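One structure coming up, written as structure tokens, with questions to follow.
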There are 2 protein chains.
Amino acid sequence: MTATYTISELASTYGVSTRTIRYYEEIGLIKPERNASGHRYFTKKEKTQLQLIFRGKKYGFHLEEIKEMIRLFDEDPTGREQLKRTIEYGEGKISEVTKRIEELQAMKDEMNHLMNEFQKELNQLEEE
Amino acid sequence: MTATYTISELASTYGVSTRTIRYYEEIGLIKPERNASGHRYFTKKEKTQLQLIFRGKKYGFHLEEIKEMIRLFDEDPTGREQLKRTIEYGEGKISEVTKRIEELQAMKDEMNHLMNEFQKELNQLEEE
DNA sequence: GTTGAACTTAACGTTAACGTAAATGCTACA
DNA sequence: TGTAGCATTTACGTTAACGTTAAGTTCAAC
């Protein structure tokens with residue numbers, strides 16, 4: 001089994017261009033294998049990594065930051081020291097994400113507050 | 001009272017360049033007043049708008065999207081129809097933000113999970 | 001009243017993240 | 001087996017969001 005995909009299959013799956021996926025390889029985000037004649041083929045691994053990329057982008061991470069995160073999810077670090085460093089790095093990333101969540105929440109609260117004000121105004125107008 | 005600020009004061013306050021602030025005026029995000037000789041001065045209003053801009057940027061909104069949000073927070077819409085439209089637009093933005101929060105949370109959970117795995121591995125290594 | 005720091009506009013430069021075009025090679029199928 | 005529709009690399013183009021001169025003006029302090 002272990003299905004493989006062509007570049008245009010994945011591109012249409014994720015609604016991006018093939019150029020985009022090639023670019024991600026260009027800058028080292030993914031490293032798809034090639035067949036004898038040089039055509040890329042993608043496996044489950046690359047699919048997962050692409051998902052991480054698109055997610056990360058949505059949250060405003062740069063591709064370079066995402067690259068670090070891919071490395072984090074990819075290399076399983078054996079050895080005490082490597083494990084410790086990885087955990088430390090991961091904790092840092094997690095608190096970044098946590099902070100973003102909190103700030104986004106603050107923004108949402110602010111917007112909700114404003115909308116409530118507007119709603120009140122509207123109610124005033126409607127009930128007369 | 002009603003304190004005013006120069007461009008460099010605000011720039012240093014928010015840790016950006018004066019060029020950045022001028023650029024935001026250039027594309028219509030803010031419209032600071034000018035004194036007799038053409039120098040910009042900024043009030044509470046512009047400070048608030050700048051905060052919104054920097055926040056929005058952190059969350060991955062483009063300046064054009066932020067422009068819309070500033071308009072939302074700025075123009076207080078009088079009149080039933082305008083109020084309704086504004087509320088509708090605002091609700092849309094709020095659900096966008098909500099969605100981002102949820103996805104970020106999913107990402108955080110995933111990262112936490114991975115870190116737990118690593119931590120387990122580390123514990124195995126340490127306790128032998 | 002001069003000097004240096006801070007202001008102004010104008011315009012060209014830069015980087016990330018692709019888009020697009022050209023020239024060429026592979027692959028599937030009628 | 002030919003050809004339509006995929007793939008490949010190379011390389012230049014584009015857009016957003018500023019950075020960076022340059023050349024001149026104004027403010028603040030002495």
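Predicted, not measured: the structure shown is a model, and the values here were computed from it. Throughout, a chain's letter reflects where its sequence line sits, starting with A, and its residues are numbered from 1.
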Quiz item: OP1 or OP2 of D:dC18 less than 4.0 angstrom from a side-chain nitrogen or oxygen of B:Lys57, does that happen here?
Solution: yes
Exercise. Between D:dC18, C:dC7, C:dC18, spot the one nearest the side chain of B:Tyr23, thanks.
Key: D:dC18
Quiz item: Taking atom P of C:dA10 as reference, at what distance in whole Å does atom CZ of B:Arg22 sit?
Solution: 12 Å
Quiz item: Rounded to whole angstroms, how far apart are CD on B:Glu26 and P on D:dG19?
Solution: 12 Å
Quiz item: Could you state the CD1-C1' distance from B:Ile27 to D:dA16, rounded to the nearest angstrom?
Solution: 9 Å
Quiz item: Taking 4.0 angstrom as the limit, do A:Glu96 and A:Lys99 come out as a salt bridge?
Solution: no
Practice problem: Give a yes-or-no answer on whether the side chains of B:Ser95 and B:Thr98 include a donor-acceptor pair shorter than 3.5 Å. | Solution: no
Practice problem: Report yes if the side chains of A:Tyr14 and A:Lys47 come closer than 4.5 Å at any heavy-atom pair, otherwise no. | Solution: yes
Quiz item: Base, backbone or nothing for each nucleotide of nucleotides 22-30 of chain D, written B, S, -, heavy atoms under 4.0 angstrom, 5' to 3'?
Solution: ----SS---
Quiz prompt | Distance in angstrom units between B:Ile21 CD1 and D:dG19 P, rounded | solution = 11 Å
Quiz prompt | Nearest-angstrom distance from the residue atom CZ of B:Arg19 to P of C:dT9 | solution = 11 Å
Quiz item: D:dA17 C1' sits how many Å from B:Glu65 CD, rounded?
Solution: 14 Å
Quiz item: Considering only C:dG19, C:dT9, C:dA17, which nucleotide approaches the side chain of A:Thr20 most closely?
Solution: C:dG19
Quiz item: Quick one: does B:Met107's side chain get under 4.5 Å of B:Glu103's, heavy atoms only?
Solution: no
Exercise. Could you check whether A:Ser17 gets within reach of a base, just the sugar-phosphate, or nothing at all, counting any heavy atom under 4.0 Å?
Key: sugar-phosphate
Quiz item: Under 4.0 Å between a side-chain N or O of B:Ser8 and OP1 or OP2 of C:dA6?
Solution: no
Quiz item: With distance as the sole criterion, is a donor-acceptor pair present between the side chains of A:Glu46 and A:Thr43 under 3.5 Å?
Solution: yes
Practice problem: Give one of base, sugar-phosphate or nothing for A:Ile7, where a contact means two heavy atoms less than 4.0 Å apart. | Solution: sugar-phosphate
Only distances under 3.5 Å count here; give the side-chain donor-acceptor pairs of residues 21-29 of chain A to other protein atoms, sequence neighbours excluded, each with its distance to 0.1 Å.
from, atom 1, to, atom 2, distance (Å)
A:Arg22, NH1, A:Thr18, OG1, 3.3
A:Glu25, OE1, A:Arg40, NE, 2.4
A:Glu25, OE1, A:Arg40, NH2, 3.2
A:Glu25, OE2, A:Arg34, NH2, 3.3
A:Glu26, OE1, A:Arg19, NH1, 3.1

Quiz item: When the distance from CD of B:Glu25 to P of D:dA17 is rounded to whole Å, what number comes out?
Solution: 17 Å
Exercise. Determine the contact category for B:Tyr24: base if any of its heavy atoms lies under 4.0 Å from a base atom, sugar-phosphate if only primed atoms, P, OP1 or OP2 are that close, otherwise nothing.
Key: sugar-phosphate
Quiz item: Rounded to whole angstrom units, what separation is found between the NE2 atom of B:His62 and the P atom of C:dC18?
Solution: 10 Å
Exercise. Please tell me which of the listed nucleotides, C:dA17, D:dC6, D:dT8, lies nearest to the side chain of A:Arg34?
Key: D:dT8
Quiz prompt | Stepwise side chain to side chain contact (heavy atoms under 4.5 Å, CB included) test for A:Tyr5 and A:Thr13 | solution = CA-CA 10 Å; A:Tyr5 313 87; A:Thr13 296; over 6 Å; no
